[in-house]
Amino acid sequence: MKIVTYNVNGIKARLERLVEYLAEQQPDVVCLQELKSSDETFPEAAIRDAGYGAVWHGQKGFNGVAVLARGQDPIERQRGLEGEPEDNHSRYLECEVDGLVVASIYLPNGNPRPGPKFDYKLRWIDRLRARAQVLLDAEVPAVLAGDYNVIPNDDDTFSVPAMASDALMQPESRRGYRALVAQGWTDALRSRHPRGGVWTFWDYQAGAWQRDAGFRIDHLLLSPAVADRLQDADVDKAYRGREKASDHAPTWVRLS
DNA sequence: ATGTCAACGATGCGTTGA
């Protein structure tokens, strides 16, 4: 069973790439982020024609998350996180597929820092951690997959100095992410590539892709029962090099 | 600081958010 997280950076702009990915890789579950689409303009028919059921939580212009499942419709469990009723960003969608809880997560970027966007990021991590604890306490098999906008370790980036002042690498961002993992989750990519050096994102600017100047911000966190089923985890890096690519590459786990 | 991209409101291009 292959579960993917893929920040598409605009599902309408990326539709051809996404459908191509589904056809070539046949993943069982796909968590999408940055749909940049309202609910009404989500390309449901094209996804269905590709053989996937979908649940989506869109927003006009930016944000937006979805869960796709091959040959079936995911069952929605929750959209949005508790704790901040005035927060209308579409960044969290939790579904059930084949008895597995799968959440698509788009954690706030947090730049510029310092400022309200960074403060929002840190509060959002706390709210995610609260939800994650509920899932662990319920002992449901779960995968929290998405764009966390956190570079967890120094060996998760091509350059520490280049990223040092970025919200993605601040000690507060890392503390929040590590506290989440420390609840009992397994960072799947890290467990399969413990020495780091694996990137999931390459900026469009400054020839980052050509220089392999990337970093790792797309993560799949596995609950204990799911971690026992982990066979492999990696990045479908080649898709970042195609025409009209997203700045993120699909990142995945394979479970027994 | 930036050699970029997508959506938006509006219809040629500046603003926003990455």
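Each chain gets a letter, A, B and so on, in the order the sequences are listed, and its residues count up from 1.
- Residues satisfying the side-chain hydrogen bond (donor to acceptor under 3.5 Å, both in side chains) test with A:Lys121, not counting sequence neighbours, are none.
- In this structure A:His219 satisfies the ring-ring contact (aromatic ring centres under 6.0 Å, His included) test together with A:Tyr148, A:Tyr177, sequence neighbours excluded.
- Residue A:Ala13 is classed as a sugar-phosphate contact, given heavy-atom separations below 4.0 Å to backbone atoms only.
- Legend: residues meeting side-chain hydrogen bond (donor to acceptor under 3.5 Å, both in side chains) with A:Arg229, ordered by chain and number and at least two apart, are absent.
- When the side chain to side chain contact (heavy atoms under 4.5 Å, CB included) test is applied to A:Trp185, the partners found at least two apart in sequence or on another chain are A:Ala132, A:Leu135, A:Leu136, A:Ala142, A:Leu144, A:Leu180, A:Gln183, A:Leu221, A:Ser223.
- For A:Arg175, the side chain to side chain contact (heavy atoms under 4.5 Å, CB included) partners at least two apart in sequence or on another chain are A:Pro171, A:Glu172.
- Toward the 5' end of DNA chain B, the nearer of the two residues A:Gly61 and A:Asp203, judged by each one's closest nucleotide, is A:Asp203.
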Heavy-atom protein contacts under 4.0 Å, nucleotides 9-18 of chain B, coded B base, S sugar-phosphate only, - none: S-------BS
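- With sequence neighbours excluded, the residues satisfying side-chain hydrogen bond (donor to acceptor under 3.5 Å, both in side chains) with A:Asp155 are A:Arg190.
- A heavy-atom distance below 4.0 Å to DNA chain B is reached by none of the residues of residues 161-173 of chain A.
- Applying the ring-ring contact (aromatic ring centres under 6.0 Å, His included) rule to A:Tyr92 yields no partners; only residues at least two apart in sequence or on another chain are considered.
- Taking a 6.0 Å sphere around CD of A:Glu76, one finds it holds more than 12 heavy atoms contributed by other residues, nucleotides or ligands.
- Partners of A:Ser159 according to the side chain to side chain contact (heavy atoms under 4.5 Å, CB included) rule, which considers only residues two or more places apart in sequence or in another chain, are A:Pro161, A:Ala162.
- Applying the side-chain hydrogen bond (donor to acceptor under 3.5 Å, both in side chains) criterion to A:Asn111, with sequence neighbours excluded, gives A:Asn109, A:Asp166.
- Looking at residues 39-47 of chain A, you'll see that no heavy atom sits under 4.0 Å from any atom of DNA chain B.
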